[in-house]
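Note on naming: letters A, B, ... go to the chains in the order of the sequence lines (proteins, then strands), and numbering restarts at 1 for each one. Below, each value reflects all heavy atoms present in this structure, side chains not excepted, and no hydrogens, waters or symmetry copies.
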Amino acid sequence: MSESNPQYQPEPAADPEAAEGKLGEILEQRRRKLEQVRQEGGDPFVNRFPISHRIGEIADKYGELSDEEYEETKAQRFVVAGRVMAKRLQGKVVFMDLRDGTGRIQLFVRMNELGEEAFARVKELDIGDIVGSAGGVFRTRTKELSIWVREIQLLTKSMYPLPEKWHGLQDVETRYRQRYVDLIANPDVMGIFHKRSRMIQLMRRFLDDRGFLEVETPMMQPIAGGAAAKPFTTYHNTLDMPLYLRVAPELYLKRLVVGGIDRVYEINRNFRNEGISTQHNPEFTMVEFYMAYADYNDLMALTEEMLTGIVEDVAGGRTLTYGEEELSFETPWARFKWHDAIVELGECPAEVLRDAGAAREHALKLAARTGYPIPADMDHVHLLEFLFEETVEPKLRQPTFIYDFPRALSPLSKSREDDPEIVERFELIISGREIANAYTELNDPDDQRGRFEAQAAAREAGDEEAHEVDWDYLRALEYGLPPTAGEGIGIDRLAMLLTDSPSIRDVIFFPLMRKTQD
RNA sequence: GGGUCGCUAGCUCAAUUAGGCAGAGCAACGGACUCUUAAUCCGUAGGUUCGGGGUUCGAUUCCCCGGCGGCCUACCA
């Protein structure tokens, strides 16, 4: 543990001296039991306990047997281990619920089976203790699948009381700060993270099956490129060099495409030094993939295929319930050109597209309602962007592709062949949120240099989120980036939709929290 | 960052309307019980009411300052 921050004093672990009242009393009792185990020659923290089955396996393989078959399995030896979640004392019989990472099973412990001494030790076990047990598989009179316990042993003494069994752990702060308790006490939380892992597994499989190579690129970068965002800064002492935590892996992945890895992807964290909300965590997970000889139309089709597959697998159909909404992933998804959407969906007057003055007038009218300040020097494109975000985005509930963006909003995207002011880019919006962003990659080094220079000028003018010029990336483009399309999908936000979670913090094990001061 | 709401036993929640001895369930502890499953029954114990200050005879309750958190909002994905 670091001693560098005297203000930060984590609570001492299970120290009965430090805790008062009921908690201190419970901690003392647990300490006493631990000492008693040692005095009887036992080990309250054993090193190894070889199991024969995980608990879920027993339910799968032996859950549906006939009475005759249970006569056999009751005589056999199954060895399981897990955490005691409930204890029901019944005189000379004890029932306990044992849970491991795969499921829950009941232990049926009889004094006649174990003898008085061993049975007394079982009664001393606490809810929360990790135990190992051997015995037969059978069903009780009430037909509960159970282990007929012939041997039972404490493996790890739990020193802290668990939350209440029926309501679980409700306090959101404790749930985020002590996720391990949340996972023990709230089975639904376990389910959310299983779904998240499943979703990522399916993405990997989808991309692997299509010949994409999974890679890892730098998280610490001398230039933070690939997205418009404020980076975290850090420093390398030996090289005497400032570094940025990456805001996106984009420029490195495209360098790999130049190098010949013409289908490539990375699933990993990005870091953006911005606000925290139900939609934003400072570190978040993206899958970013690049496919040479494809354009943004190909990626729209690919995205539909990948996400419907995931939704079908994880949700069991093409429909998701998210809060009050029913989201249908039935293909094809709605598609609107960015400019058209402002008029057709946003119900802005058509002249805002052609006339900056009209756009300003309409933007000011909307801004008056929301109190958003429209700077006097805001140009036409950014006025339209404001109108889009204000009038269109909130209306897009069902999966929708918005495509053909203005070039000025897309410094790394390629222009359409028939219109240099429009780039081949799309965003996937679901439930009013941007889930994916993709484009045909700008591979003309001269064009890219021009865009970088425009960004550099914006940076000079004070835009902290504008790109720095990445000269090596320009050189890579000069070697030749084949025609390529690339896409990034926000994993956390997708996980929110798939698990019906209202906050991004519900799908991230350890969301960033302010440190506590005692 | 701004606004707003919240913080009571290890956990889940009462009591705050209008200031008057802070309660219950689970968990814990002692006892009964050889098929229970939110086991049941009898009994015991457990509180810096987030911290500090103020008003008051008296503050969990009212006021101020601070801490942490939720939600809304802003920057963004």
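At a threshold of 4.0 Å, the pair A:Arg31-A:Glu28 does not count as salt-bridged, since none of the basic side-chain nitrogens sits closer than that to a carboxylate oxygen. Taking a cutoff of 4.0 Å between a charged side-chain nitrogen and a carboxylate oxygen, A:Lys87 and A:Asp126 do not qualify as a salt bridge. In summary, A:Asp97 and A:Arg88 engage in a salt bridge, as defined by a charged side-chain N under 4.0 Å from a carboxylate O. By the 4.0 Å N-to-carboxylate-O rule, A:Glu25 lies close enough to A:Lys22 to be salt-bridged with it.
Pairing for B:rC57 is with B:rG20, a Watson-Crick or G-U wobble pair whose two hydrogen-bonding atom distances lie under 3.5 Å. Base pairing annotation: B:rU4 forms a Watson-Crick or G-U wobble pair with B:rG70, both donor-acceptor distances under 3.5 Å.
Taking atom CD of residue A:Glu274 and atom P of nucleotide B:rU73, one finds them 17 Å apart after rounding to whole Å. As a whole-Å value, the separation of A:Asp171 CG from B:rC13 P is 9 Å. Between the C1' atom of B:rC11 and the CD atom of A:Gln178 lies a distance of 12 Å, rounded to the nearest Å. The interatomic distance linking A:Phe119 (CZ) with B:rC35 (C1') rounds to 12 Å, in whole Å. Spacing between atom CG of A:Leu89 and atom P of B:rC41 amounts to 15 Å, rounded to whole angstrom units.
As rounded to the nearest Å, B:rC62 and B:rU49 have C1' atoms that lie 16 Å from one another. Separation of the P atoms belonging to B:rU17 and B:rC21 is 12 Å when rounded to the nearest angstrom. The P atoms of B:rA28 and B:rG10 are separated by 15 Å, rounded to the nearest whole Å. Across the C1' atoms, B:rA15 and B:rG47 are found 14 Å apart, a figure rounded to whole Å. Taking the P atoms as reference points, B:rC13 lies 35 Å from B:rU55, given to the whole Å. Here, B:rC7 and B:rU44 have their C1' atoms 30 Å apart, quoted to the whole Å. Taking the C1' atoms as reference points, B:rC35 lies 32 Å from B:rA45, given to the whole Å. Across the P atoms, B:rU60 and B:rC50 are found 10 Å apart, a figure rounded to whole Å.
Side chains of A:Thr285 and A:Arg196: a donor on one and an acceptor on the other come within 3.5 Å. In this structure, a donor-acceptor pair under 3.5 Å is present between the side chains of A:Trp148 and A:Glu113.
With hydrogens and angles ignored, no donor-acceptor pair under 3.5 angstrom links the side chain of A:Gln90 to the base of B:rU34.
Heavy-atom distances to RNA chain B give each of A:Ile504 and A:Leu512 a nearest nucleotide, and the one nearer the 5′ end belongs to A:Leu512. Between A:Pro282 and A:Met513, the one whose closest nucleotide on RNA chain B sits nearer the 5' end is A:Met513.
No contact: A:Ile184 has no heavy atom under 4.0 Å from any strand. Contact annotation for A:Thr174: no contact, since no heavy-atom pair falls under 4.0 Å across all strands. No contact: A:Asn273 has no heavy atom under 4.0 Å from any strand. Within 4.0 Å (heavy atoms only), A:Gly490 reaches no atom of the nucleic acid at all. A:Gly168 comes within 4.0 angstrom of the backbone, heavy atoms only, and of no base. Looking at heavy-atom distances under 4.0 Å, A:Tyr176 makes contact with sugar-phosphate atoms alone, never a base. At the heavy-atom level, A:Gln106 lies under 4.0 Å from base atoms of the strands shown.
Distances shorter than 4.0 Å separate none of the side-chain N or O atoms of A:Ser277 from OP1 or OP2 on B:rU73. Applying the 4.0 Å criterion to OP1 and OP2 of B:rU36, one finds that A:Arg88 has every side-chain N and O outside that range. In this model, the phosphate group of B:rG69 is approached by a side-chain N or O of A:Arg177 to a distance below 4.0 Å at OP1 or OP2. The phosphate of B:rC35 has neither OP1 nor OP2 within less than 4.0 Å of any side-chain N or O from A:Arg110.
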Kindly list each side-chain donor-acceptor pair under 3.5 angstrom involving residues 433-440 of chain A, sequence neighbours excluded, with atom names and distances?
residue  : atom : partner  : partner atom : Å
A:Arg433 : NE   : A:Gln279 : OE1          : 3.2
A:Arg433 : NH1  : A:Tyr322 : OH           : 2.9
A:Arg433 : NH2  : A:Tyr322 : OH           : 3.4
A:Asn437 : OD1  : A:Arg425 : NE           : 3.0
A:Tyr439 : OH   : A:Glu250 : OE1          : 2.8
A:Tyr439 : OH   : A:Glu250 : OE2          : 2.7
A:Thr440 : OG1  : A:Tyr296 : N            : 3.0
A:Thr440 : OG1  : A:Glu424 : OE1          : 2.7

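Remark: side-chain polar atoms of A:Glu266 are paired, donor with acceptor, to backbone N or O of A:Thr217 under 3.5 angstrom.
Out of B:rG69, B:rU34, B:rC11, the shortest distance to the side chain of A:Leu169 is found at B:rC11. Here B:rA77 is the nucleotide among B:rU36, B:rC11, B:rA77 with the atom lying nearest to any side-chain atom of A:Arg272. When distances run from any side-chain atom of A:Phe108 to the nucleotides B:rG69, B:rA77, B:rC35, the shortest one goes to B:rC35. For A:Ser503, taking side-chain heavy atoms from C-beta onward, the closest of the listed nucleotides B:rC35, B:rC13, B:rC71 is B:rC71.
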Measure all distances between protein nitrogen or oxygen atoms and nitrogen or oxygen atoms of nucleotides 24-30 of chain B, and list the pairs falling under 3.5 Å.
residue : atom : partner  : partner atom : Å
B:rC26  : O3'  : A:Lys165 : NZ           : 3.4
B:rA27  : OP1  : A:Lys165 : NZ           : 2.9
B:rA28  : O2'  : A:Gln29  : OE1          : 2.3
B:rA28  : O2'  : A:Gln29  : NE2          : 3.1
B:rA28  : N3   : A:Lys22  : NZ           : 3.1
B:rC29  : OP1  : A:Lys33  : NZ           : 2.8

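Outside the 6.0 Å centre-distance limit, the rings of A:Tyr265 and A:Tyr290 are not counted as a close aromatic pair.
Under the stacking criterion of a centre-to-centre distance below 5.5 angstrom and an interplanar angle below 30°, A:Phe284 sits stacked against the six-membered ring of B:rA77.
Closest non-hydrogen pair, A:Ile55 versus A:Leu98, comes out as CD1-O, 3.6 Å.
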